[in-house]
Amino acid sequence: SQTIHQWPATLVQPVGSPLSLECTVEGTSNPNLYWYRQAAGRGLQLLFYSVGIGQISSEVPQNLSASRPQDRQFILSSKKLLLSDSGFYLCAWSRSRRGSPLHFGNGTRLTVT
Amino acid sequence: KNEVEQSPQNLTAQEGEFITINCSYSVGISALHWLQQHPGGGIVSLFMLSSGKKKHGRLIATINIQEKHSSLHITASHPRDSAVYICAPGTDKLIFGTGTRLQVFP
């Protein structure tokens with residue numbers, strides 16, 4: 001069976017510090033991978049998605065970047081965090097076949113102070 | 001106008017009640033997800049459907065693609081059903097509703 005791991009679960013970082021959130025998927029190959037963010041009191045928003053190694057599409061301009069160094073690894077990064085980067089970050093995967101459902105990780109709650 | 005409208009935004013119920021959450025959307029899509037988010041934040045995909053009706057335990061989801069409307073029903077609601085339910089049109093790159101906060105009291 002497939003599983004998705006996302007860490008850390010919670011993170012408190014000062015403004016201006018770097019960020020690295022990691023997500024890995026097991027039990028499948030060549031998944032589509034996604035990073036979503038839920039800001040406080042707001043709905044979820046797609047940040048990045050990837051259909052393959054090194055292939056990253058950004059949905060919204062922002063202070064964050066994503067990378068996919070391996071088939072089942074998706075990393076969300078920032079060089080210098082802003083207060084507005086605080087939120088709940090969710091990694092998700094789906095099979096590359098069109099119409100496949102999404103499966104979510106448990107999320108990372110990031111607080112930038 | 002939001003692309004996804006859910007109603008109601010908040011819902012309280014007594015254990016055992018039948019629950020309905022509605023979702024209307026304006027985007028053209030071929031499928032729609034219903035998601036459940038618990039207080040800790042974790043999200044579980046309950047359904048992905050593109051037509052008709054799907055049933056899983058006490059949960060039933062319906063969709064009318066032509067009318068751009070979907071509903072989530074919970075039969076015999078239970079306190080453990082308390083969560084935020086999110087309608088998300090799309091197959092992979094989803095557009096999210098703001099959710100319906102459901103509280104079921106014993």
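Bear in mind the structure is a predicted one, so any value in this text is a computation, not a measurement.
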A/Y36 and B/I43: side chain to side chain contact (heavy atoms under 4.5 Å, CB included), yes or no, with the steps? CA-CA 11 Å; A/Y36 289 90; B/I43 287 184; over 6 Å; no
Using the rule that Ile, Leu, Val, Met, Phe, Trp and Tyr join whenever any side-chain heavy atoms are under 4.5 Å apart, tell me whether [X] and [Y] fall into a single cluster.
| X | Y | result |
| --- | --- | --- |
| B/W34 | A/L44 | no |
| A/W35 | A/F88 | no |
| B/F105 | B/I21 | no |
| A/F48 | A/I75 | no |

Give a yes or no answer on whether the side chain of B/H33 reaches the backbone of A/L102 with a donor-acceptor pair at less than 3.5 Å.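 Looks like yes, one N/O pair under 3.5 Å.
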Counting only heavy atoms closer than 4.5 Å, note whether A/Q6 contacts chain B via side chain, backbone, both or neither.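 A/Q6 has no heavy atom closer than 4.5 Å to chain B.
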A/L90 portion near chain B, given a 4.5 angstrom heavy-atom threshold: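 Only the side chain of A/L90 comes within 4.5 Å of chain B.
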Top residue by heavy-atom pair count (under 4.5 Å) with chain B, among A/G105, A/G43, A/G107, A/S100?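 So the answer, after comparing A/G105, A/G43, A/G107, A/S100, is A/S100.
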What distance separates B/I95 CD1 from A/Q45 CD, expressed to the nearest 0.5 Å?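 Between atom CD1 of B/I95 and atom CD of A/Q45 there are 11.5 Å.
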Flag side-chain contact, heavy atom, 4.5 Å: A/F104 against B/L35: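 They are in side-chain contact.
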How about B/F96 and A/L46: do any of their side-chain heavy atoms sit closer than 4.5 Å?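 No; the side chains remain at least 4.5 Å from each other.
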Determine whether more than 12 heavy atoms belonging to other residues, nucleotides or ligands lie under 6.0 Å from atom CG of A/N106.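 Incorrect, the count does not exceed 12.
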For B/Q9, does the CD atom have more than 12 heavy-atom neighbours from other residues, nucleotides or ligands under 6.0 Å away?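 Incorrect, the count does not exceed 12.
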